[in-house]
Amino acid sequence: MTKQIILAAHFPGVNNTTVWTDPAAGSQIEFSSFVHLARTAERGLFDFFFLAEGLRLREQRGEIYDLDVVGRPDTVTVLAAIAAVTERLGLAGTLNATFHEPYELARQLASLDHLSGGRAAWNVVTTPNAFTGENFRRGGFLSYADRYTRAAEFIAASRTLWDSWSAEDLVVDGDSFARTPAPGAFAFHGTQFDISGHFTVPRSPQRHPVIIQAGDSPAGRDFAAASADAIFSRHSTLEAGQAFYRDVKGRLAAYGRTPDSLKILPAVSYVLGDTDAEAQEKAHHIRRQQVTPQTAIRHLEQLWNRDLSSFDPEGPLPPFDPDVSGESIAQGRTRLFDDPVATARAWRSLAEEKGLGIRDLIIEVTGRQSFIGTPAAVAESVDAFVQQDAADGFILVPHLTPAGLDDFVDRVVPLLQERGVFRTAYPSGGSTLRSLLGLPPTSPASVASFLGGGPA
Ligand SMILES: Cc1cc2nc3c(=O)[nH]c(=O)nc-3n(C[C@H](O)[C@H](O)[C@H](O)COP(=O)(O)O)c2cc1C
């Protein structure tokens, strides 16, 4: 059966996929930028708009990482504002399960769901690093191993809160505002949270906002299989995507779930051109803008774990091995290297083999798989990845704020529609994000068995 493609739009932000030096680059903080990207996504009939989150500006050698200095506004606040200027587009926010509290976040998400008529989604991320924790009252209190336990309890507690109002409680009938004497009564007892009381927000249109997960370790994948409606992944080549897809969908049966109840959505960038050669040339130019000389050295330092500021970004790689003895010099980054010495040696051989200096090597090894080509070629690849089970759709990461999605919506979406793999209108009548994505009416109850020690 031909699969329908899911499309989401990632607001470009603090990472080196975003190009700030282009004359067309606009503000990442002004509301008009968010409005432009969200309305473009809605014009393209996208499923949802997506915001990432970082709770501390990352640092290296005591300096804020170059692209983080731009900062970003609060996720839920932005989504609530976007709800007012869109009608059908889902609104997905990345919100951290390590540092927030269920009562606070469940209220915000249920409120967003009310305000948007059932369009809220929560990308549940975890952070074990003490560096981010310094911003919070408890500091860096959670070990790597405990973070998914807390995340699962967070979702289970949120479900308890969202379920504490029944559908009837919502009905305002004459002068009676609630039909049960104690709406919103709840209690949740776990190892991370021990809370009880009354939830203040009546049941929202979706009851459970769509749950997205981003995290890639075996524990992260099991957590997703037990508790998420969708996964935001990094596996965006065909082979890596298919392997990830098989792995994660294969974990669902143990939790009593069907393969189509969890959508797999890799992040991808794209570059369009009138000819293939033009698109490739544009892509090369964009990569050079993304990986500035400073970014190249910073990236190299993350692997070598040493000060390499005296190295020429266009010159050869360091002839010595990385320092594996000390703490990481890259504070707040989520992606570290499993075996730095082996990776450094592999990078050195690649640089020698291809005659690359530091900057070109970093461009080569950090290049996310992108769809690069004519609109027809990109539409064909996007469709092929989905039909060949490397993904259920994509979270598109434009390289420009705020107009980076325009050409995809204008030139690729119509071709996907012609292929019969993407909607030509939003479903008539009101619909929630859950129904737009073809998801079950509530988030998976199997989060409880994850907490119980594994699949039932
Ligand atoms: C595709 C992807 C996107 C992520 N986005 C964010 C983010 O926006 N904010 C954040 O704090 N963590 C983010 N994370 C980090 C994860 O929540 C998690 O902390 C990290 O991947 C380590 O967990 P793991 O070992 O299970 O992969 C992301 C991870 C992935 C794989």
Side-chain angles (χ1 to χ4, degrees), residues 8-18 28 48-58 65 67-68 70-76 78-79 92-100 105 121-136 140 142-152 154-155 211-228 230-237 240-241 243-245 247-248 251 262-269 328 330-338 366 368-370 390-397 450:
H10 184 295
F11 187 81
V14 286
N15 55 43
N16 71 2
T17 54
T18 310
Q28 86 293 1
F48 61 92
F49 172 86
F50 183 95
L51 287 178
E53 179 190 70
L55 291 177
R56 181 158 179 181
L57 301 180
R58 296 163 293 186
Y65 191 65
L67 290 169
D68 280 24
V70 298
R72 56 180 149 199
D74 172 70
T75 300
V76 179
V78 172
L79 293 180
T94 300
L95 296 157
N96 196 297
T98 305
F99 299 113
H100 293 296
L105 212 60
W122 171 23
N123 178 34
V124 185
V125 293
T126 60
T127 305
N129 67 65
F131 172 76
T132 304
E134 284 170 10
N135 273 340
F136 293 87
L142 212 58
S143 73
Y144 190 84
D146 284 341
R147 71 217 162 94
Y148 283 122
T149 304
R150 182 174 166 107
F154 204 123
I155 295 176
I211 306 283
I212 306 171
Q213 188 272 357
D216 198 24
S217 57
R221 294 179 186 199
D222 257 328
F223 169 59
S227 51
I231 295 195
F232 179 33
S233 85
R234 289 196 172 106
H235 301 276
S236 54
T237 63
F244 181 77
Y245 196 96
D247 178 291
V248 173
R251 292 172 195 253
L262 178 70
K263 309 297 181 190
I264 297 188
L265 307 173
V268 285
S269 54
S328 171
Q331 299 253 46
R333 296 203 73 89
T334 51
R335 236 176 146 195
L336 300 169
F337 300 93
D338 288 338
T366 60
R368 288 192 189 188
Q369 201 274 345
S370 289
D392 292 313
F394 293 99
I395 298 187
L396 298 175
V397 187
F450 179 83

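Model, not experiment: these values are computed from the prediction. Each ligand, and each atom within it, is numbered from 1 in the order the structure gives.
Note: an N/O pair closer than 3.5 Å links Tyr148 and ligand 1 by distance alone. For ligand 1, one of its N or O atoms has an N or O atom of Thr126 under 3.5 Å away.
Of the listed options Ala214, Ala52, Gly54, Ser217, Ala214 places a heavy atom closest to atom 30 (C) of ligand 1.
Listed by number with element, the atoms of ligand 1 under 4.0 angstrom from any heavy atom of Glu53 are 7 (C), 8 (O), 9 (N), 10 (C), 11 (O). Those atoms of ligand 1 with a heavy atom of Gly215 less than 4.0 angstrom away are 21 (O), 26 (O), 27 (O), 31 (C). Contact atoms of ligand 1 toward Tyr144: 24 (P), 25 (O) (distance under 4.0 Å to a heavy atom of the residue). Atoms of ligand 1 lying under 4.0 Å from at least one heavy atom of Asp216, given by number and element, are 24 (P), 26 (O), 27 (O).
No donor-acceptor distance shorter than 3.5 angstrom exists from the side chain of Ser269 to the backbone of Ser370, with no hydrogens or angles considered.
Within the 4.0 Å heavy-atom cutoff, Phe223 does not count among the residues contacting ligand 1. Assignment of Arg147 to the shell around ligand 1 is supported, since a heavy atom sits closer than 4.0 Å.
Looking at Phe394, Phe48, Phe50 one by one, the single match for ring pair (Phe, Tyr, Trp, His ring centres under 6.0 Å) with His10 turns out to be Phe50.
Shown here are the side-chain contact (heavy atoms from CB on, under 4.5 Å) partners of Ser233, two or more places apart in sequence or in another chain: Ile231, His235, Phe244, Pro266. Residues passing the side-chain contact (heavy atoms from CB on, under 4.5 Å) test with Ala228 are Ile211, Gln213, Ala224, Leu262, sequence neighbours excluded.
A salt bridge does not link Asp216 to Arg234: none of the charged nitrogens lies less than 4.0 Å from a carboxylate oxygen.
Heavy atoms of Thr94 found under 4.0 angstrom from ligand 1 belong exclusively to the side chain.
No hydrogens or angles considered: a donor-acceptor pair under 3.5 Å links the side chains of Thr132 and Asn129. Between the side chains of Asp392 and Tyr245, at least one donor N or O lies within less than 3.5 Å of an accepting N or O.
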